[in-house]
2 protein chains.
Amino acid sequence: MKLSTRGQYALHAMIFLARKAGEGPQSLKTIAEDGLPEQYLEQLLGALRRAGLVTTVRGAAGGYHIARPASEITVGHILESTEGPVNLSECVGDSASCAKGAACATRDLWAYLTDNINQLMQGISLQDVLQNKPYGAKEYTNS
Amino acid sequence: MKLSTRGQYALHAMIFLARKAGEGPQSLKTIAEDGLPEQYLEQLLGALRRAGLVTTVRGAAGGYHIARPASEITVGHILESTEGPVNLSECVGDSASCAKGAACATRDLWAYLTDNINQLMQGISLQDVLQNKPYGAKEYTNS
DNA sequence: TGAAACCCGATAAAATCAATCGGGATTGCG
DNA sequence: CGCAATCCCGATTGATTTTATCGGGTTTCA
């Protein structure tokens, strides 16, 4: 199970923008200055904008803003907007793709894993990342 | 975050083998009979064998066995052997790939997520899947 | 000896990812 | 006004990964 660079670049950009919150628009060039491919990052920022995570100012001296406080943005939201939703198997959510329909042992498994991964990623805010909050080991107790 | 078909096919095969435990070797053709591409599945069974999850009997009337009781095989193990380890970012485990070395806010995040996903998948045995155990929602309480 | 089966590296077709290109639209500033 | 800075966006290209298929080799049973 891998993540593409999109999510990594997007997180990088969001961290940058969160740190510059309130300092006016940050240009693409500025955000990409530590070596990220500029035009590629532009695509990702477009996705982040469409997801409502950043706002933009067009024209000269324009750039990108973080749209909300870092505490109100989750890692899950950032990754989903650039990588698409967590999708471990087509058969979850699209019952037509599986001949067996809903009565499938693995289907429940994929749904369960998907759910938990989403919860995990939505449980971490951008602010947590900024503060390098010491992530405690989660308790995995089946209820 | 996607999973390739490898993991899905492998899980399918393992479920099949678990159900046939004690009934003698199951041929590739038999395992693939519900429409999985036979020669592709063969590659995956090779990986499962190298991971110690199945054993094989060569020659005529040969085939594949599950190597251990289903209760002792986890979903994580199956997926890892066919998809490779969970890898959200190169920088976890390979400090050389990141110029900042260990002092990186995102690095800790990736490590944390990787850890939790692994725990999640290792917490489910093949037997749980067979029994279609009603997965309770896990409690995500940071300790 | 021959058929059934696993074993395995090489190759090929398709899909996805990563990045670039080329131009268009918007806006601040002199 | 005119120009430079900047965001916007669809198309294209090259690399990589995924998903197989192929062609053979080896093992074993009858």
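Each chain gets a letter, A, B and so on, in the order the sequences are listed, and its residues count up from 1.
- Here the side chain of A:Thr56 is nearest to one of D:dC8, C:dA19, D:dA20, namely D:dC8.
- Note: the hydrophobic cluster containing A:Val57 does not contain A:Ile31 (ILVMFWY, side chain heavy atoms under 4.5 Å, direct or indirect links).
- Between the side chain of A:Glu42 and the base of D:dC8, a donor-acceptor pair under 3.5 Å is found.
- The one candidate from A:Leu45, A:Leu44, A:Leu53 that meets the side-chain contact (heavy atoms from CB on, under 4.5 Å) condition with A:Met14 is A:Leu53.
- Looking only at atom types and distance, the side chain of B:Thr106 has no donor-acceptor partner in the side chain of A:Gln8 under 3.5 Å away.
- Across C:dG22, D:dA20, D:dC7, the shortest atom-to-atom separation from the side chain of A:Gln39 is found for C:dG22.
- Look at OH on B:Tyr40: it is 18 Å from P on C:dC8, rounded to the nearest Å.
- In the set C:dA19, D:dT19, D:dT21, D:dT19 carries the atom at the smallest distance from any side-chain atom of B:Arg6.
- Across C:dC8, D:dA20, C:dA18, the shortest atom-to-atom separation from the side chain of B:Arg49 is found for C:dC8.
- For D:dT28, its base never sits under 3.5 Å from the side chain of B:Arg58 at any donor and acceptor pair.
- Within the 4.0 angstrom heavy-atom criterion, no nucleotide atom of any strand lies near B:Leu45.
- Between the base of D:dT18 and the side chain of B:Glu83 there is no donor-acceptor pair shorter than 3.5 Å.
- At a threshold of 4.0 angstrom between heavy atoms, the contacts of B:Gly62 are confined to the sugar-phosphate backbone, with no base atom among them.
- Counting only heavy atoms from C-beta on, B:Ala60 has its side chain closest to D:dC29 among D:dC29, D:dA11, C:dC7.
- The separation between B:Leu36 atom CG and D:dT21 atom P is 11 Å, rounded to whole Å.
- Side-chain atoms of A:Tyr64 lie closest to D:dC8 of the nucleotides D:dC8, C:dA18, C:dC7.
- Side-chain N/O atoms of A:Gln26 and base N/O atoms of D:dT6 include no donor-acceptor pair closer than 3.5 Å.
- B:Thr114 contributes a side-chain N or O that, together with a main-chain N or O of B:Trp110, makes up a donor-acceptor pair within less than 3.5 Å.
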